[in-house]
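Comments concern the structure below.
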Amino acid sequence: QYITTICIPLSESRLISTCVDTAKHHKAEHIFLYDDVFMELVDRYHLHSIPSFPDAKYTITISFFDTSKEILDAKVRNFTRAVSLDEKTFAYYDSKYFIERITDPAFLFSLLHSYTQGSHTPITTTSGIVVPLPMYEKILHDIDTYLYSTGKFYSITGNAGSGHISLVTLLDHNSKNYAGELLHYTQTIFSYVKKYKGGISAHSGDGLSRTPYIPMFYNEATMDVFTTIKKAWDPYHILNPGKKVDGNPNYLNNHLKSA
């Protein structure tokens, strides 16, 4: 199977929907988003593994697959024409390894570790955000505005084709107010997700830090189902206490303080 990935720099978030919609129309397989922080970290610690676009707020990578090289080339050609791309403004990759590497969450964490040398903790509670595609650019704007105002170091990536956003923010785990900062940060980000009718569990499970906010996204009947299943399988709360059900900010706060 042949693969071609196109890296397209975007100066602002309002251009994302055009690329995503056009890529879907032309049968793209993977459509991923990376912000300028991710790209800067790659440029610093993995030079030449991804092209550098200094003026881009976001970079979208769009991958096309086909068993026929001729058909694949036609897909790519038709897409680039549809979005009026100048060949000088984007980059091609014909390696499956390229897209597998940069979409692997471990790659981002390796970049963040290189940057912090372990001095801060990458918070992944907000790595499973998903919103309807028409809301994608709006929530990105709100998240970006909020986090920029806090002065926190963060990176936004995600599977833009499905409305997924993986937000990873660095917090100082040695701070006396670490638990409080985590709770306020999570509450604020999830309030944006709620505002735009999204969800918080696009991937991975709902652990300790997400559990207090699950009722924001499920109605009472659904929460009762969660509780019923938990009681049936774990009536004595031996397995993962405080997760999925029966969790609250106080429990989370106390757990983090004792950790």
[X] side chain to [Y] main-chain N or O, any donor-acceptor pair under 3.5 Å?
{"X": "Asn78", "Y": "Ala74", "answer": "yes"}
{"X": "Ser175", "Y": "Asp172", "answer": "no"}
{"X": "Gln1", "Y": "Phe65", "answer": "no"}
{"X": "Thr126", "Y": "Leu167", "answer": "yes"}
{"X": "Tyr136", "Y": "His164", "answer": "yes"}
{"X": "Thr80", "Y": "Arg77", "answer": "yes"}
{"X": "Gln117", "Y": "Ser114", "answer": "yes"}

Just wondering, are more than 12 heavy atoms of other shown residues or ligands nearer than 6.0 Å to [atom1] in [X]?
{"X": "Phe153", "atom1": "CZ", "answer": "yes"}
{"X": "Lys244", "atom1": "NZ", "answer": "yes"}
{"X": "Phe226", "atom1": "CZ", "answer": "yes"}
{"X": "His237", "atom1": "NE2", "answer": "yes"}

Among Leu111, Val168, Leu171, side chain to side chain contact (heavy atoms under 4.5 Å, CB included) partner for Pro122: Val168
Just how far is it from atom [atom1] of [X] to atom [atom2] of [Y], taken to the nearest 0.5 Å?
{"X": "Cys19", "Y": "Lys24", "atom1": "SG", "atom2": "NZ", "value": "13.5 Å"}
{"X": "Asp36", "Y": "Tyr58", "atom1": "CG", "atom2": "OH", "value": "7.5 Å"}
{"X": "His120", "Y": "Thr169", "atom1": "NE2", "atom2": "OG1", "value": "11.5 Å"}
{"X": "Thr18", "Y": "Leu10", "atom1": "OG1", "atom2": "CG", "value": "9.0 Å"}
{"X": "Ile8", "Y": "Ile62", "atom1": "CD1", "atom2": "CD1", "value": "4.0 Å"}
{"X": "Arg210", "Y": "Phe190", "atom1": "CZ", "atom2": "CZ", "value": "6.0 Å"}

Steps toward side-chain contact (heavy atoms from CB on, under 4.5 Å) verdict (Tyr2, Ile71): CA-CA 10 Å; Tyr2 298 96; Ile71 294 177; over 6 Å; no
Might you point out which heavy atoms bring [X] and [Y] nearest each other, and give the distance in Å?
{"X": "Leu33", "Y": "Ala160", "result": "CB-CB, 4.1 Å"}
{"X": "Tyr34", "Y": "Thr61", "result": "CE1-OG1, 3.5 Å"}
{"X": "Asp206", "Y": "Ser201", "result": "OD1-OG, 2.6 Å"}
{"X": "Ala82", "Y": "Thr22", "result": "CB-CG2, 3.7 Å"}
{"X": "Ala23", "Y": "Ile31", "result": "CB-CD1, 3.7 Å"}
{"X": "Cys7", "Y": "Pro9", "result": "O-CD, 3.8 Å"}

Looking only at side chains, do [X] and [Y] share a donor and an acceptor under 3.5 Å apart?
{"X": "Tyr185", "Y": "Thr125", "answer": "no"}
{"X": "Thr186", "Y": "Tyr213", "answer": "no"}
{"X": "Ser166", "Y": "Ser127", "answer": "no"}

Hphob cluster co-occupancy, [X] + [Y], side-chain heavy atoms under 4.5 angstrom:
{"X": "Ile156", "Y": "Ile200", "answer": "yes"}
{"X": "Val225", "Y": "Ile214", "answer": "no"}
{"X": "Phe32", "Y": "Met39", "answer": "yes"}
{"X": "Tyr45", "Y": "Ile102", "answer": "yes"}

Do [X] and [Y] have side chains that approach each other closer than 4.5 Å (heavy atoms only, starting at C-beta)?
{"X": "Val20", "Y": "Ile60", "answer": "yes"}
{"X": "Thr121", "Y": "Ile123", "answer": "yes"}
{"X": "Tyr92", "Y": "Ile6", "answer": "yes"}
{"X": "Lys231", "Y": "Thr228", "answer": "no"}
{"X": "Trp233", "Y": "Leu239", "answer": "no"}
{"X": "His30", "Y": "Thr103", "answer": "no"}

Phe217 and Val193: CA distance, side-chain angles, deciding distance, side-chain contact (heavy atoms from CB on, under 4.5 Å) verdict: CA-CA 9 Å; Phe217 301 94; Val193 181; 3.7 Å; yes
Return a table of donor-acceptor pairs under 3.5 angstrom between the side chains of residues 139-151 and protein atoms on other chains or two or more places apart.
residue, atom, partner, partner atom, Å
Asp142, OD2, Lys195, NZ, 3.2
Asp142, OD2, Tyr196, OH, 2.8
Asp144, OD1, Tyr154, OH, 2.4
Asp144, OD2, Lys57, NZ, 3.0
Thr145, OG1, His141, O, 2.8
Ser149, OG, Tyr146, O, 2.5
Thr150, OG1, Leu147, O, 2.7
Thr150, OG1, Lys152, N, 3.2

Side chain to side chain donor-acceptor pair (under 3.5 Å) partners for Lys75, two or more places apart: Asp66
Residues Phe109, Thr124; criterion side-chain contact (heavy atoms from CB on, under 4.5 Å); working and verdict: CA-CA 10 Å; Phe109 292 128; Thr124 60; 3.4 Å; yes
Ring geometry between Phe79 and His26 (parallel below 30°, tilted from 30 to 60°, perpendicular above 60°): perpendicular
Stepwise side-chain contact (heavy atoms from CB on, under 4.5 Å) test for Asn240 and Asp234: CA-CA 9 Å; Asn240 289 329; Asp234 185 24; over 6 Å; no
